[in-house]
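Below is one structure, written out as structure tokens; comments come after it.
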Amino acid sequence: MTYQLIAERLGQEEFLARSLHRDYRYVPGGVTDPGVLISFDTLNDLIATHRLEVPRLRLSADGQVLPQHRYAVPVTTRRHTVWQRTHPAELHRCLAEGASLVIDAIDELHEPVADLAQHLESWLRTHVQVNAYASWSAQGGFGTHWDDHDVIVVQVEGSKHWRIYGPTRIAPMHRDTAHPETPPEQPIADLVLEPGDVLYLPRGWWHAVAADQGVRSLHLTCGLTPHTGADVIGWLSEILRDREQVRADVPLHAGPDAQAAYVELLREHLVAALEEPGLLERFAAARDAEDLGRLRPSLPRLGGMPADPKVRVRLTTGRARLTFAADGEGAVVVRFAAAGQEVDFDPAVEPLLRRLLGGGWVSLAGLAAAAELTVADAAAVAGELVDVQAATVKGGR
């Protein structure tokens, strides 16, 4: 599939070792058919059929968000609620005058983009939010700026001019102690992205973007949620709550000696936790298992799963984890962790679960064939995953 080429074209393990969080990477023609991900027709449909308001849908020019009243009109419903309906003529006028159109989290609205995000999440082991950007003029919508998260950009239609200046503060955060200095005067890269081109940019790298090639532009930006040392420390603070000394009240009113002893005790617990082997792998596994993904109901079903070979199933998260473990009686089981839940299965089910981990919709017949099970057995496994919100289904009767 189109989205599955991105990891391969970026370089797979070589990208993870050399570029991720370190350096930009530009891949001309990284996606063979970007139009299957999204189109201007898709944008029209989403704007027409969803109540998208600021900041979900917004217009930006010269680094400033345009007031919504410039391109939307208030509508009062019968229940006396008010929402802002996008007015096509005013929207067109603002865009013609140089504004850029942004739709945040379009992966939650359009399944091909959700597939792209889920594929990247499975590979990079972090949450991915995809925004769509459309521009019609050389006027930049955001000025020269940096992002507090890494991005993977896919140019879908037209051309976009990127000037990349590099970082002036390494790994800046959304909530940081300082802001990066002003960007360098000269860019280190000057690129024009054409349809299918892919660009990776680490967080904190200054860049300026404009549709100054005389054609309109549509691109997707996949934002990668960072995992920082602050996140690891926060995670450890939750784990250490099982220690009585950590749960104890801070001795604010004790003498200096008692306070020093308390701080030393905390240090010992924290250092011991940091020295445990495989700490970061445990952290990553915990974050993967907690990810809810893009939850989707399975209506009209409210429970149970019919043994219909045409029913299709997919995971709701790209970060599900599959491991072998021992149950309470010492027997080996396959443990599936996703959406904050763990489910143990017989090892014979492993091929079925691996097929689901591959992404996309799979019929119960396909799942049954993957594990040499009956359709009824495949339906039982799928039903358990749906019950814990780790999977969703559609089709059949």
Side-chain angles (χ1 to χ4, degrees), residues 16-17 20-22 121-129 148-150 169-178 202-204 223-295 315-345 357 385 387-390:
L16 300 180
L20 186 64
H21 312 318
R22 298 173 180 86
E121 288 171 344
S122 178
W123 176 40
L124 299 172
R125 296 178 68 177
T126 191
H127 177 72
V128 174
Q129 175 179 310
D148 61 9
H149 50 271
D150 296 11
R169 176 174 173 80
I170 302 302
M173 301 171 64
H174 176 64
R175 293 162 52 198
D176 207 340
T177 58
R203 62 186 165 116
L224 316 181
T225 300
H227 296 301
T228 68
D231 295 319
V232 174
I233 293 172
W235 171 68
L236 280 178
S237 72
E238 296 296 323
I239 292 177
L240 292 176
R241 289 172 185 265
D242 66 349
R243 316 288 173 86
E244 178 183 340
Q245 298 87 343
V246 174
R247 298 197 310 272
D249 294 321
V250 178
L252 297 178
H253 305 289
D257 290 344
Q259 289 186 351
Y262 174 79
V263 171
E264 175 61 20
L265 188 62
L266 287 184
R267 187 193 69 80
E268 291 175 359
H269 282 291
L270 184 58
V271 169
L274 288 170
E275 291 177 344
E276 289 186 11
L279 176 70
L280 294 185
E281 179 58 31
R282 287 174 53 212
F283 167 76
R287 286 291 179 263
D288 287 345
E290 294 166 0
D291 179 63
L292 294 178
R294 294 157 189 82
L295 297 181
L315 298 183
T316 57
T317 172
R319 299 170 65 187
R321 304 277 297 206
L322 197 61
T323 57
F324 286 97
D327 64 12
E329 299 179 355
V332 175
V333 296
V334 173
R335 180 158 296 161
F336 187 90
Q341 303 287 336
E342 289 185 347
V343 185
D344 290 344
F345 294 101
L357 287 172
L385 297 179
D387 288 344
V388 298
Q389 299 185 342

State plainly whether the residues R243 and E268 are in salt-bridge range, i.e. N to O under 4.0 Å. no
Note, R319 side chain near E290 side chain (heavy atom, < 4.5 Å): no
Is D257 close to Y262 at the side-chain level, that is, under 4.5 Å between some pair of heavy atoms? no
Quick one: does Q259's side chain have a donor or acceptor within less than 3.5 Å of a partner on P251's backbone? yes
Quick one: are T225 and H149 in side-chain contact, heavy atoms under 4.5 Å? no
Quick one: do R169 and D176 make a salt bridge, cutoff under 4.0 Å? yes
Does a salt bridge link R247 with E244, judged by any charged N lying under 4.0 Å from a carboxylate O? no
Charged N to carboxylate O below 4.0 Å: is that the case for R335 and D344? yes
Beyond-backbone contact of F324 with V333, side-chain heavy atoms, under 4.5 angstrom: no
In short, salt bridge (Lys or Arg N to Asp or Glu O under 4.0 Å) pairs touching residues 275-285 with sequence neighbours left out are R125-E281, E276-R282, E281-R321
Side chains of V388 and V343, heavy atoms from C-beta outward: is any pair under 4.5 Å? yes
Taking the side chain as C-beta and beyond, is there a heavy-atom pair between H127 and E121 under 4.5 Å? yes
With rounding to the nearest 0.5 Å, note down the distance linking OG in S237 to CG in L266. 11.5 Å
Side chains of I239 and F283: does their closest heavy-atom pair fall under 4.5 Å? no
Please check: side-chain N/O of D148 versus main-chain N/O of M173, any donor-acceptor pairing under 3.5 Å? no
What do you reckon, is CG of D327 surrounded by more than 12 foreign heavy atoms closer than 6.0 Å? yes
Heavy-atom donor-acceptor pair, D231 side chain to T228 backbone, under 3.5 Å: yes
Donor-acceptor pair, distance only, cut-off 3.5 Å: does the side chain of T317 make one with the backbone of L292? no
